[in-house]
Amino acid sequence: MHVLDWTVVCGYFLVMVAIGWWSHRRVRNVKDFYTADGKMPWWLAGISHHMSGYSAVMFVAFAGVAYTDGVTVYFWAFATIGIGVGIGSWVFAARWNRLRSRLGVASPLEYLAQRYNIPTQQALAWSGSLLKVFDVASKWFAVAVLLNSFAGVPLTLGILITGTVTLLHCTAGGLWADALTDFGQFLILIQGLAGIVMLTVVLGELGGISGLWTVWDRLPEGHLSPTTSEYTTVFLLVYILVKTLEYNGGMWNLAQRYMAAPDTHAAKRGAMLSSGLYLVWPLVLMFPMFAAPLIVPGLDDPTTSYAVMVTSLLPVGLVGLVLAGFFSHTMAMVASDANAISSVVTRDMLPVMWRRARAFTETESLRAARIATVSFILLSMFVATQAQNLGGVLSIVVSWVAALMGPISIPLLLGMLPWFRRSGSRAALVSWAGGLLTYALVYYVLDSSQTVIVVTPILVSLALYSALGWFLPETSARTDEIIETIGRADDDDTGGSGSPSEGSVVTV
């Protein structure tokens, strides 16, 4: 790393902190902090939704898979998201938006207390929050690996640097800061200049623009197959279900993007924009990763392939720009996650644990939101220092998050739909517990394949949730009313206020 590269990286950090403090002036209450009070334009919500799905994991763990297995990583890691978000634009986006505009919900889990009951809400809140600690820890560790590869910075120090800057940024500005950071990096950094520069340099190494179509015949055998022995067709198909749930609210921060849009039409348009970007743009970003075996062959550690290409091919200054892009991706995702977890802690968990929290003023609620954000980031940074002892980045992201996201998100997402109105708290808790126990069995006891680890828990949870709703139904007027309220499209479907619609009789 040249001094010019460090100048670019430090300049980026200063811009992120400045965005946080600028956004701070727009945050007056918890609705601003968590959902932008329903005032975020559809295009910003869509871009933010898209950018919040990236992190440095793409340039470490996924780059390693691309190096060893080829294009399969695009199909299961990104095409599945594009398909899932496209489905969600019609099924879930409007319902999330109506939760905010009609029921005054500010946390993705807030409605569960009425849809099921408080114990169900708390089970999902605690398990989901714990899972996100490890998920975010993997992001810190991934960007620290890149910083170590680029400049020899010790892993712990890399985690401390990126975590501290993110903490200052997102604690001050809330969801507005997250979204504006997403837009900035989409326009300027990885999605713009840095990504195009890297693609151009790699094409130069391959002989010019013709490399776009000539590289594929030169890659190792099997690198053009969408599936492999480890990432099978079944894995790919079930991953579509996983990502449909995960990226339409299972990852709570992405539900916030739907909630922050002014109305349901804007929420749908934002989701469709994000879906299209997920299907197209990863191909641009990942082309250098696919070509890496030809440019830097024989690497002992495939996860360093992208970093090796950057440091060996790019001129001084541009290395820092690409590294800043890695930071940007990770910080955007982590800030987004921290905001969502904070909303769940302060809106759903704290009032149950502490009676005093139920009577917080707006000022006290906002202070609690910021304290929860700081606490979550600090805890995830500590766990990141132990990532190597937890199986590494890919193990956390694929085996843990993908496998456990389904049992947590099935009661949350499917509980909105009229087809599952007969599935009550019993179905929710049994499906959640059954999925988690199944994961423990296939991962820790049976030593199963990657496909079985990801597929089995979510299918067990889905089967239990559906079957119990069918054979042991739990129905109530309250459940029917909530489902009807968030599912009904009518003339008042375009309100931007964060408060419940006038005349609403449902309280959450």
Side-chain angles (χ1 to χ4, degrees), residues 31-53 81-112 115 174-176 178-180 182-183 186 243-279 332 336-337 339-340 343 347 409 412-418 482-501 504 506 508:
K31 292 178 182 177
D32 291 330
F33 195 80
Y34 291 137
T35 64
D37 202 21
K39 298 174 182 176
M40 189 175 293
W42 71 268
W43 53 267
L44 182 57
I47 289 174
S48 181
H49 184 285
H50 175 70
M51 297 307 298
S52 293
I81 299 175
I83 295 170
V85 175
I87 294 170
S89 68
W90 295 101
V91 179
F92 296 111
R95 286 179 165 85
W96 279 119
N97 192 264
R98 294 185 192 112
L99 278 173
R100 175 194 58 76
S101 64
R102 295 182 177 178
L103 304 183
V105 167
S107 154
L109 270 62
E110 199 168 341
Y111 93 103
L112 293 180
R115 172 59 178 87
L175 190 63
W176 275 115
D178 299 344
L180 291 173
D182 292 337
F183 180 69
F186 175 82
K243 295 303 178 182
T244 299
L245 296 173
E246 186 177 353
Y247 278 75
N248 287 293
M251 283 204 305
W252 303 334
N253 59 311
L254 299 181
Q256 289 178 302
R257 271 61 185 171
Y258 297 150
M259 296 166 72
D263 53 61
T264 59
H265 305 294
K268 290 178 180 179
R269 292 174 71 186
M272 287 188 284
L273 173 60
S274 179
S275 173
L277 290 171
Y278 270 120
L279 291 172
S336 180
D337 281 332
N339 187 270
S343 73
R347 303 281 293 190
S409 59
L412 174 65
L413 272 295
L414 300 189
M416 296 182 182
L417 306 180
I482 290 175
I483 293 175
E484 172 65 20
T485 299
I486 64 175
R488 184 182 68 251
D490 52 32
D491 292 340
D492 73 344
D493 217 9
T494 56
S497 171
S499 302
S501 301
S504 173
V506 182
V508 177

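Owing to the predicted nature of the structure, the values given are computational and were not obtained by experimental measurement.
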### Task
Return yes if some donor-acceptor pair links the side-chain N/O of Arg115 with the main-chain N/O of Ile482 below 3.5 Å, else return no.
no

### Query
Ser275 and Gly82: which non-hydrogen atoms are nearest, and at how many Å?
OG-O, 2.6 Å

### Task
Find out whether Tyr111 and Leu412 are in side-chain contact, i.e. whether some heavy atom of one side chain is under 4.5 Å from a heavy atom of the other.
yes

### Query
Which atom pair, heavy atoms only, marks the closest approach of Met416 to Leu99?
CE-CD1, 3.7 Å

### Summary
Sorted by chain and residue number, the side chain to side chain contact (heavy atoms under 4.5 Å, CB included) partners of Ile87 (sequence neighbours excluded) come out as Ile83, Val91, Thr244

### Query
Atom OG of Ser48 and atom CG of Asn253: how far apart are they, to the nearest 0.5 Å?
8.5 Å

### For Gly46 against Ser274, the heavy-atom pair lying closest together
O-CB, 3.6 Å

#### Entry: Separation of His50 NE2 from Leu254 CG (nearest 0.5 Å)
11.5 Å

### Query
Given side chains that start at C-beta, do those of Pro108 and Trp96 come closer than 4.5 Å, heavy atoms only?
yes

### Query
About how many Å separate OG of Ser107 and CD of Gln256, when rounded to the nearest 0.5 Å?
8.0 Å

### Message
Test of understanding: with side-chain hydrogen bond (donor to acceptor under 3.5 Å, both in side chains), list the residues that count as partners of Tyr258, not counting sequence neighbours.
### Response
His49, Asn248

#### Entry: Atom pair CZ (Phe92) and CG (Asn97), whose distance is rounded to the nearest 0.5 Å
15.0 Å

### Query
Is there a side-chain contact between Thr485 and Arg98, using heavy atoms and a 4.5 Å cut-off?
no

### Query
Nearest 0.5 Å, what's the CG-CH2 distance between Asp263 and Trp42?
12.0 Å

### Query
When rounded to the nearest 0.5 angstrom, what is the spacing between CZ in Arg102 and CZ in Arg95?
10.5 Å

